[in-house]
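What follows is a single structure, written as structure tokens, with notes after it.
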Amino acid sequence: MAAPIKFGILTVSDTCFNGTKADTSGPKLNEEIKREFPNSQVIFHIAPDELPSIKECLLKWCDYHMCDVILTTGGTGFSPRDVTPEATRQVIEKEAPGLAYAMVARSLAITEMAMLSRAVCGIRKKTIIANLPGSEKGAAECFGFIKNAIPHAVNVLADRQDLVTKEHVTIQGISLEKVGTISPSKVKLDNVAARNRISPYPLVEVSKATEIIRRECSPTLEIEVIPFEKSANRILAEDVLATEAVPPFRASMKDGYAVKSEDGVGNRIVREVAAAGDMPSEEELKAGEAIRISTGAPVPPGADAVVQVEDTSIVETSTDGTKELSIEIKVAPICGQDIRDIGSDVKVNELVLKKYDRISPAHVGVLAVLGKTEVKVYKRRAVGVISTGNEIKNPKDNVGPGQIRDCNKFTLLNLLKKYYYEAEDCGMAKDDPDSMKKALHAAFSKNDVVITSGGVSMGEFDVLKQVLEQDFDAMIHFARVNMKPGKPTTFATCSFAGKTKVVFGLPGNPVSCGVTCLLFVIPTLRHIERSAVIDFPIMNVIATALENKDNRPEYQRVRVYQQSGVTTLLSTGNQTSSRLNSLVGANGLALVYNYVIPKNSYNNSRLSYQVMLFDV
Ligand SMILES: Nc1nc2c(c(=O)[nH]1)N[C@H]1C(S)=C(S)[C@@H](COP(=O)(O)OP(=O)(O)OC[C@H]3O[C@@H](n4cnc5c(N)ncnc54)[C@H](O)[C@@H]3O)O[C@H]1N2
Ligand code: MOO
Ligand SMILES: [Mg+2]
């Protein structure tokens with residue numbers, strides 16, 4: 001889920017509004033936006049060429065929907081009803097003439113008629129509004145002329161200092177290292193007055209954080225051979241080809257009689273019995289004969305159909321009445337009926353299991369069918385989990401005043417288990433550097449990936465980063481992410497006993513810890529293990545607007561469900577980072593951008609949300 005820009009596309013046209021003409025410019029702009037900014041969110045509206053209607057939509061999108069960019073298309077020309085620039089002017093607080101100029105200047109190179117544009121561009125609060133021409137071609141061209149400036153303009157308006165600095169650095173051609181955006185916190189606990197008051201770590205977007213993690217964590221190269229019956233949930237390190245056909249002989253699909261179809265209906269002499277497990281008969285079936293056969297038994301040579309017992313009747317029995325001598329076939333058999341041909345389930349040399357597949361229970365069954373008793377899988381990294389904090393107690397111990405029970409470790413261990421990773425409980429660390437160092441040392445001795453919770457924010461006792469840098473010479477790749485919950489999420493690597501160790505310093509708040517485990521840790525373990533599927537599925541769900549009063553994109557816990565055949569979602573309630581119950585019953589994380597439900601107004605807006613689906 002990349003750093004997204006929220007766009008509004010407002011088509012202004014009487015004919016599109018009253019339905020006499022299809023709107024093609026709005027969809028075209030949407031197409032262009034999705035190509036240039038694949039993670040963007042787009043909302044749409046069609047307004048008539050009426051100033052109040054245009055103005056109402058612009059105000060709503062700026063003030064309530066908090067769009068980053070609104071593109072209008074239409075109503076910018078000389079015709080008497082063209083009033084989009086007038087409506088825009090009544091909404092904006094500052095003009096942005098450079099954008100309008102860029103569009104006119106570059107359009108003039110295409111058509112002289114560009115001089116007739118009266119487009120207005122400007123800013124209201126944190127929203128950029130740009131009037132584009134009404135024609136599909138003109139709108140797309142003009143969007144193309146301004147698109148490169150949009151991300152920087154949005155970052156400046158949103159006050160994303162780190163991204164703005166980065167862009168300035170790029171524009172000025174200075175390397176980021178020289179600017180020194182990351183400076184480790186070297187403050188000692190005995191000198192609290194000298195601590196950082198502003199975090200020295202830049203705030204990175206979730207997409208950037210993911211990119212950094214993927215860059216730092218290489219997929220494993222190590223393979224091991226394990227017994228097939230223990231292989232469930234591991235990642236296959238080989239393609240598995242069938243060495244034999246399934247079924248290996250022509251097998252009956254019914255309990256009944258093997259016959260020659262050309263004999264049609266009528267009486268048959270019952271020759272012998274073919275039961276499942278019997279050696280295939282070598283004797284050819286003759287015309288007028290039938291062989292009693294059971295499901296799964298080899299069909300004798302010469303038979304080309306099986307007739308189920310229900311479609312037959314007894315004609316003649318042995319004198320004691322116990323044996324069938326002849327029967328009547330009552331329904332004409334069709335050639336091939338109820339026979340599984342050799343290799344009809346699996347052919348020899350067929351690719352049955354693919355490298356990088358996660359071995360499912362059915363896969364294990366297929367391995368058994370094929371007699372593949374050992375299988376190559378990718379080795380897993382050992383994972384350890386540590387809880388930190390002076391106030392944190394083991395749930396089985398007495399909890400004194402000011403203390404709370406550890407829940408993060410149990411959520412983490414079980415969340416990992418749910419997604420097939422067994423992790424080691426590496427105990428607890430106190431909020432002091434020595435205790436943290438000891439716990440990390442013990443965890444690194446046995447594990448490659450260490451997950452901690454707590455102690456990563458701005459508190460004087462939040463010592464994880466300091467200990468990682470000073471005692472383990474770790475590289476902190478990021479320590480603040482533009483997300484809610486999970487802002488202080490920290491990711492570091494270090495070398496320990498000649499091996500690279502990966503550290504996820506998750507925030508202490510229980511929801512922040514669970515959500516960041518889902519968003520960052522589990523996909524990373526899958527990436528390291530070379531799983532073909534790394535990310536959780538994401539789907540778009542339209543639902544009643546969710547409120548997010550924070551500027552950070554929020555991963556709200558929701559329940560996605562079907563209602564009258566339509567997929568929608570329901571919030572799990574209070575979304576505060578400490579309320580672990582917001583994760584209980586959730587099966588999705590809906591990405592919600594800053595949106596405040598208007599006061600004294602009925603929340604009837606419906607918006608489309610990107611929802612990451614999971615199962616806890
Ligand atoms: N000055 C600032 N303060 C805070 C900021 C900030 O940017 N500036 N960020 C806030 C955010 S956002 C979060 S999230 C938390 C993260 O804090 P830490 O990772 O440092 O975690 P702690 O301070 O140790 O604990 C936070 C909270 O969670 C409880 N906790 C911790 N571990 C567990 C556990 N294993 N089981 C249950 N509960 C746990 C702890 O008692 C605290 O209540 O920082 C904000 N502060
Ligand atoms: O980001 Mo914190 O994780 O809001 O609670
Ligand atoms: Mg803290």
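Order of listing sets the numbers, starting from 1, for every ligand and every atom in it. Note that the structure is a prediction, hence the values are computed from the model and not measured. Index from 1, following the sequence.
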Legend entry - Ring centers of Phe536, Tyr419 separated by less than 6.0 Å: yes

Inset, instruction - Please determine if Val456 has a nitrogen or oxygen closer than 3.5 Å to a nitrogen or oxygen of ligand 1. - result: yes

Legend entry - Steps toward side chain to side chain donor-acceptor pair (under 3.5 Å) verdict (Asp406, Ser387): CA-CA 7 Å; Asp406 180 7; Ser387 287; 2.8 Å; yes

Legend entry - Pair Gln562, Thr567: side-chain N/O donor-acceptor within cut-off below 3.5 Å: yes

Legend entry - Distance-only polar pair, side chains of Thr516 and Tyr555, donor-acceptor under 3.5 Å: no

Legend entry - ligand 1-proximal atoms of Asn408, by part, heavy-atom distance under 4.0 Å: both

Legend entry - Ring-face cation contact, Tyr201 with Arg480, 6.0 Å cut, 45° max: no

Legend entry - Contacting atoms of ligand 2, where contact means under 4.0 angstrom from a heavy atom of Ser512: 2 (Mo), 3 (O), 5 (O)

Legend entry - Which of the ligand 2 atoms, numbered from 1, are nearer than 4.0 Å to a heavy atom of Ser577: 2 (Mo), 3 (O), 4 (O), 5 (O)

Inset, instruction - May I ask whether Arg405 has any heavy atom positioned less than 4.0 angstrom from an atom of ligand 1? - result: yes

Legend entry - Polar proximity ligand 2 side, Arg552 side, N/O cut 3.5 Å exclusive: yes

Legend entry - Ring centroid separation Phe520 to Phe491 under 6.0 Å: no

Inset, instruction - Give yes or no for whether the N/O distance cutoff of 3.5 Å, strictly under, is met between Arg552 and ligand 1. - result: no

Legend entry - Contact check: Cys407 vs ligand 1, nitrogen or oxygen atoms, below 3.5 angstrom: yes

Legend entry - Structural part of Ile404 in contact with ligand 1, heavy atom criterion under 4.0 angstrom: side chain

Inset, instruction - Could you tell me which atoms of ligand 2, counted from 1 in the order shown, lie closer than 4.0 angstrom to a heavy atom of Pro485? - result: 1 (O), 3 (O), 4 (O)

Legend entry - Ligand-side contact atoms (ligand 1) for residue partner Gly454, heavy atom cut-off under 4.0 Å: 19 (O), 21 (O), 24 (O)

Inset, instruction - State whether the shortest distance between N or O atoms of Ser512 and N or O atoms of ligand 1 falls below 3.5 angstrom. - result: no

Legend entry - Numbered atoms and elements of ligand 1 in range of Lys487, under 4.0 angstrom, heavy atoms: 7 (O)

Legend entry - 4.5 Å side-chain heavy-atom contact, Thr388 and Ser453: no

Inset, instruction - Examine Phe444 together with Phe472 and report whether their ring centres are nearer than 6.0 Å. - result: yes

Inset, instruction - Answer yes or no: does an N/O atom from Pro488 fall short of 3.5 Å to an N/O atom of ligand 2? - result: no

Inset, instruction - Flag the pair His441 / Phe496 as yes when their ring centroid distance falls below 6.0 Å, and as no otherwise. - result: yes

Inset, instruction - Select one of side chain, backbone, both or neither to describe which atoms of Lys409 lie under 4.0 Å from any atom of ligand 1, heavy atoms only. - result: neither

Inset, instruction - Tell me, please: is Pro485 in heavy-atom contact with ligand 1, that is, under 4.0 Å? - result: no

Legend entry - Under 4.0 Å to a heavy atom of Asn509 - the qualifying atoms of ligand 2, by number: 5 (O)

Inset, instruction - Consider every N or O of Gly508 and every N or O of ligand 1, then say whether any pair is closer than 3.5 Å. - result: yes

Legend entry - Nitrogen or oxygen of Ser457 less than 3.5 angstrom from that of ligand 1: yes

Legend entry - Row check, Tyr420 ring normal vs Arg234 NZ/CZ: under 6.0 Å, within 45°: no

Legend entry - Salt-bridge present (Lys379, Glu224; N to O < 4.0 Å): no

Inset, instruction - Using a strict cut-off of 4.0 Å, indicate which atoms of ligand 2 neighbour a heavy atom of Lys487. - result: 1 (O), 3 (O)

Legend entry - CG-CG distance between Leu71 and Asn30, expressed to the nearest 0.5 angstrom: 10.5 Å

Inset, instruction - Just go through Gly455, Pro507, Gly402, Gly505 and tell me whose heavy atom is the nearest to atom 21 (O) of ligand 1. - result: Gly455

Legend entry - Per-atom contacts of ligand 1 with Asp406, taking only distances under 4.0 Å to non-hydrogen atoms: 34 (C), 35 (N), 36 (N)

Inset, instruction - Carefully, step by step, assess Arg557 and Thr572 under the rule side chain to side chain donor-acceptor pair (under 3.5 Å). - result: CA-CA 6 Å; Arg557 281 72 67 202; Thr572 53; 5.2 Å; no

Legend entry - Glu391 neighbourhood, listing ligand 1 atoms whose heavy-atom distance to it stays under 4.0 Å: 40 (C), 41 (O)

Legend entry - ligand 1 contact on Pro488 by region, counting heavy-atom pairs under 4.0 Å: side chain

